Amino acid sequence: MNKEELLSGFAKAFGGGGDIRGYFAPGRVNLIGEHIDYNGGHVFPCALNTGNTAVVRQRDDRKLRSFSANYPRLGILEASLDDLVKRNESWTNYVKGVIWVLEKRGMHVTKGFDIYIYGNIPGSGLSSSAAMEVVVGTMLKDYYGFDLTPVDIACIGQEAENAFIGMNCGIMDQFASAMGKKGQAIFLDTATLEYQYVPLRLEGCKIVVTNSNKPHSLVSSHYNERRQECEKALSDLQKALPVSALCQLTPEQFEANKSLIADPLCRMRAKHAVYEEDRTNKAVKALMANDLVTFGRLLNESGDSLRYDYDATCPEIDALVEEARKQEGVYGSRETGGGWGGNTVSIVREDCVEAFRRNVTEAYRERTGLRCSVYELEVGDGGRRIF
Ligand code: GLA
């Protein structure tokens with residue numbers, strides 16, 4: 001939607017006039033470093049050029065009135081600044097959650113808003129919830145002049161997700177949504193929040209995102225359970241080792257000490273975390289050296305580890321990855337994001353992308369009965385005011 005369409009959608013929902021502003025925050029794709037942002041590891045995501053747009057006008061009372069262009073049948077959903085409580089599974093929980101965290105931190109949102117949201121992130125699994133938190137944080141900072149950096153906005157979004165929504169995620173998604181940069185991936189140390197932008201110039205290759213159209217539901221899935229398994233593995237290791245996060249261990253240290261982890265399942269989860277950290281560091285180096293063969297191989301290893309050690313995939317994703325890897329000109333392919341569905345990311349030689357699209361779509365349909373969506377990744381900027 002362009003600005004005129006957004007404004008006319010807003011006017012239709014709430015009436016026109018007054019000081020109407022627009023904000024945008026993107027979704028993300030993670031290239032490598034999966035399920036280690038809550039284990040003190042490094043991750044390598046980038047922001048999409050699609051995301052959530054919020055068109056907003058401040059109100060004189062304390063009502064929050066929200067309308068989604070994606071769910072028009074729901075109509076205007078009403079809430080109040082005096083009742084910041086999570087209700088049902090409504091998307092407005094993300095709006096309330098961010099305000100709730102700001103209040104807790106002493107930043108007061110005194111007046112309500114009319115909020116019109118339009119989202120264009122394809123399918124599920126590309127962090128539309130993080131994009132919602134970041135767009136709301138960006139807009140509140142702008143209206144109230146809160147002294148917040150984009151990194152603060154990311155941390156507030158994560159806190160809203162953890163403490164208000166109940167999803168124990170790490171910082172990766174909100175960070176990518178707030179700090180994304182066009183054409184660049186972010187090499188982020190989730191233990192310190194130090195980061196480095198890495199240009200995504202893959203000579204002769206494209207990064208292809210494929211949506212399995214198998215929805216995943218993170219909270220109801222095993223995400224929080226995986227996190228607990230990692231914590232259990234860590235506390236077993238801490239009986240003998242002075243470490244505060246799984247990703248502080250090298251693979252060699254892990255191998256020498258893994259018998260300390262009593263539960264074999266927890267040992268497998270910890271193995272994923274330790275080796276994924278090692279792979280991520282190597283993958284970023286390989287990409288910087290334009291060594292796409294190594295980069296792709298590490299993506300494959302990451303995908304296999306997610307499948308076999310972390311048990312975070314599903315039959316549809318496994319089929320998609322298997323079919324992708326059979327194609328000519330594919331350097332690597334794996335599940336990306338929270339897991340148990342969602343999307344894959346593949347590195348594909350430019351002249352093979354069209355055949356990849358055709359063949360993978362066809363084979364995936366035959367194997368699962370589902371239609372996947374295949375598109376080339378375009379990396380955009382992080383959260384901002386757009387008008
Ligand atoms: C979800 C979470 C992130 C991260 C990924 C897995 O997207 O929100 O914090 O843990 O899963 O890498």
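The structure presented is a predicted model; accordingly, all values stated were derived computationally and were not measured. Both counts, for ligands and for their atoms, begin at 1 and track the order of listing. FYI, side chains are in, hydrogens and waters are out, and symmetry mates aren't considered; it's all heavy atoms of this structure.
- The aromatic rings of His272 and Tyr310 are tilted relative to each other, their planes meeting at an angle between 30° and 60°.
- At least one heavy atom of Arg28 sits closer than 4.0 Å to an atom of ligand 1.
- Where the criterion is an N or O separation shorter than 3.5 Å, residue side chain and backbone included, Ser127 fails it with respect to ligand 1.
- Two rings, from Tyr223 and Tyr38, have their centers less than 6.0 Å apart.
- Note that CG of Asp114 and CZ of Arg57 are 5.0 Å apart. Values are rounded to the nearest 0.5 Å.
- Taking any N or O of Tyr38, backbone or side chain, none lies under 3.5 Å from an N or O belonging to ligand 1.
- Polar contact check, Asp173 against ligand 1: a nitrogen or oxygen pair lies under 3.5 Å apart.
- Relative to atom 3 (C) of ligand 1, the option among Asp37, Val43, Asn30 with the closest non-hydrogen atom is Asp37.
- Two rings, from Tyr197 and Tyr195, have their centers less than 6.0 Å apart.
- Considering CD1 of Ile186 and CZ of Phe175, their distance stands at 6.0 Å, rounded to 0.5 Å.
- At least one N or O atom of Gly170, backbone or side chain, sits closer than 3.5 Å to an N or O atom of ligand 1.
- A salt bridge is defined here as a Lys NZ or Arg NE, NH1 or NH2 lying under 4.0 Å from an Asp or Glu carboxylate O, and Lys326 with Glu322 fails to meet this definition.
- Close contacts between ligand 1 and Glu34 involve ligand atoms 6 (C), 12 (O) [criterion: under 4.0 Å to a heavy atom].
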